[in-house]
Protein chains: 2
Amino acid sequence: MGRIVDHDQRREIFAAAALRVIMREGIIGLTVREVAKEAGFTTGALTHYFQSKDQLLIQASEHSSTLVRARMERAAAAPSAIEAIRKVVMLALPLTPELRGYWRIWVGYWERSSYDADVARVMGLRYDEWRGRLTSLLARGQQEGEVSAQLDITQAADALVAMIDGIGVQVLLGVSRFPPARQKAMFDLWLDTVRAGPKT
Amino acid sequence: MGRIVDHDQRREIFAAAALRVIMREGIIGLTVREVAKEAGFTTGALTHYFQSKDQLLIQASEHSSTLVRARMERAAAAPSAIEAIRKVVMLALPLTPELRGYWRIWVGYWERSSYDADVARVMGLRYDEWRGRLTSLLARGQQEGEVSAQLDITQAADALVAMIDGIGVQVLLGVSRFPPARQKAMFDLWLDTVRAGPKT
DNA sequence: TTTGTTATATAACAGACGTTACGCAAAGAC
DNA sequence: GTCTTTGCGTAACGTCTGTTATATAACAAA
């Protein structure tokens, strides 16, 4: 009965298109018409898969986290915990144009979060995952002796998450303000406060 | 010739109203009509003082920095440099509802900065001032022997600025996520990396 | 082939947006 | 007093918004 298409796949197409629109024009430029056009459809198709613009916004956020999750998990599989942390952080920092595009998306969602409880809740889940990934890597580092045993890993993860977001903000105001080298220098500074002392 | 009013004062009234609107409804809710209404005027009056909405946005940002600057300078006058830094940071962290309101404004401007070069430029100036204030306090701390002499104060200021913005983001997603105590704990952690060792 | 259902396009809706135009009232200049 | 400039409210403009309604086309099931 009726032709059949994969609804989840369609929703992913629209979610990906929404992300591209946000990258290009900011979250303020995210309109139903523009997303549909970017996806190669019209609003009639989009509304068939999303009841409202808000749902599209949420779904797009979930899609973007799916995209990075695979890369993150591959990076986290590095043999040394410290090296894993480094690789994971290099995927998060706005070092390349592509990664800076993602930061434009995150900042857009931060803005929405400040007055939209639904978006805030979803973003909270993203950060729980992010913070969790870092804390478990730090815990692994402690077991393997690379990370100082008396370190409060929760607090250290908090500090790293905050610092990375802060870097993202600065880069957004202009890459020249915080070039990749300066970003990495700040990360190395954090790493020093976390490393186990030479020998023991 | 004609009745006379203080144009700068009028512009401040509208700028202050714009900030209140952003606090309440986000930067997406900042409309010419809403700002005029918040200020107790109509759009006819507002357009008399601002050629465009963009100019209003810039002016509002400048007004907000004027508001905090006075408090910051008073705090920076503390006898001890470390104490001055602490007081200044306590004015920046989203510790109270009022201060959290300001963070909603900043995040709104971050968002705009990512695709509006004019806003990005103005925000860049704000951050230059903010970073400059912290670096000069750190330099004072070094002179007075409170801050480690071999510290790279530029890098330390960068780290603090980034960390505070990162805290602001987390608090925006929900205060419960980062209560005042946790914010202060993170700041103290930074302070430890900056302090001169006991004695010398 | 006919029937029924789904996918998508087109179009309309009511409202909000930034901006511009216009008109009246207030008040300094003379 | 009149004249003239300015302050501000009202209203209109055209455009864009999210959403809903309707029409057409595609295809599975009978």
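Please read all numbers here as calculations on a predicted model, not as lab measurements. Letters A, B, ... are given to chains in the order of the sequence lines, protein chains preceding strands, and every chain is numbered from 1.
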Q.
For a quick check of understanding: with a heavy-atom distance under 4.0 Å over all strands, which category does B:Thr31 fall into, base, sugar-phosphate or nothing?
A. sugar-phosphate

Q: Send over the distance from B:Lys37 NZ to C:dG18 C1', rounded to a whole Å.
A: 17 Å

Q) Where is the tightest heavy-atom contact between A:Arg140 and A:Ser80, given as atom of each residue plus distance? A) NH2-C, 3.4 Å

Q: Among D:dT19, C:dT19, C:dT10, find the nucleotide with the atom closest to the side chain of B:Lys53.
A: C:dT19

Q.
I want to verify a distance call: between D:dT19, C:dT20, D:dT6, whose nearest atom is closest to the A:Val32 side chain?
A. D:dT19

**Q.** Worked check of side-chain contact (heavy atoms from CB on, under 4.5 Å) between B:Lys87 and B:Leu91
**A.** CA-CA 7 Å; B:Lys87 281 187 174 174; B:Leu91 287 174; over 6 Å; no

Q) Tell me: CZ of B:Arg33 to P of D:dC16, nearest whole Å? A) 16 Å

Q: With heavy atoms under 4.0 Å as the rule, sort B:Leu30 into base, sugar-phosphate or nothing.
A: sugar-phosphate

Q. Separation of B:Ile28 atom CD1 from C:dC17 atom C1', in whole Å?
A. 12 Å

Q.
Measure CG/A:Leu46 against C1'/C:dA7 and give the value in whole Å, please.
A. 13 Å

(Q) Testing the basics here: between A:Ile28 and B:Glu111, what is the closest heavy-atom pair and its distance to 0.1 Å? (A) N-OE1, 4.5 Å

Q) Which nucleotide in the list C:dT19, D:dT17, C:dC17 gets nearest to the side chain of B:Ser52? A) C:dT19

Q) So which nucleotide from C:dT20, D:dG9, C:dA9 ends up closest to the side chain of B:Phe41? A) D:dG9

Q. Can you find an N or O donor on one side and an acceptor on the other, under 3.5 Å apart, linking the side chain of B:Arg10 with the base of D:dG7?
A. no

Q: Among the candidates D:dG7, D:dC8, D:dT20, find the nucleotide nearest to the side-chain atoms of A:Thr43.
A: D:dT20

Q: Check whether any side-chain heavy atom of B:Glu144 sits under 4.5 Å from a side-chain heavy atom of B:Ile82, and report yes or no.
A: no

Q) Between atom CD1 in A:Ile4 and atom P in C:dA7, what is the gap in whole Å? A) 8 Å

Q) Rounding to a whole Å, what distance do you find between A:Leu57:CG and D:dG18:C1'? A) 13 Å

(Q) Nearest whole Å is fine: how far is D:dT20 P from A:His48 NE2? (A) 15 Å

Q: Can you tell me the distance, in whole Å, between the CD atom of B:Glu34 and the P atom of C:dG18?
A: 10 Å

(Q) If you only use heavy atoms from C-beta on, which nucleotide in C:dA7, D:dT19, D:dT6 is closest to the side chain of A:Val5? (A) C:dA7

Q.
For a quick test of reading the model, state the closest non-hydrogen atom pair linking A:Trp190 to A:Leu138 and the distance between them.
A. CH2-CD2, 4.0 Å

Q: Remember a base hit wins even if backbone is also touched, and classify A:Tyr49 as base, sugar-phosphate or nothing at under 4.0 Å, heavy atoms.
A: sugar-phosphate

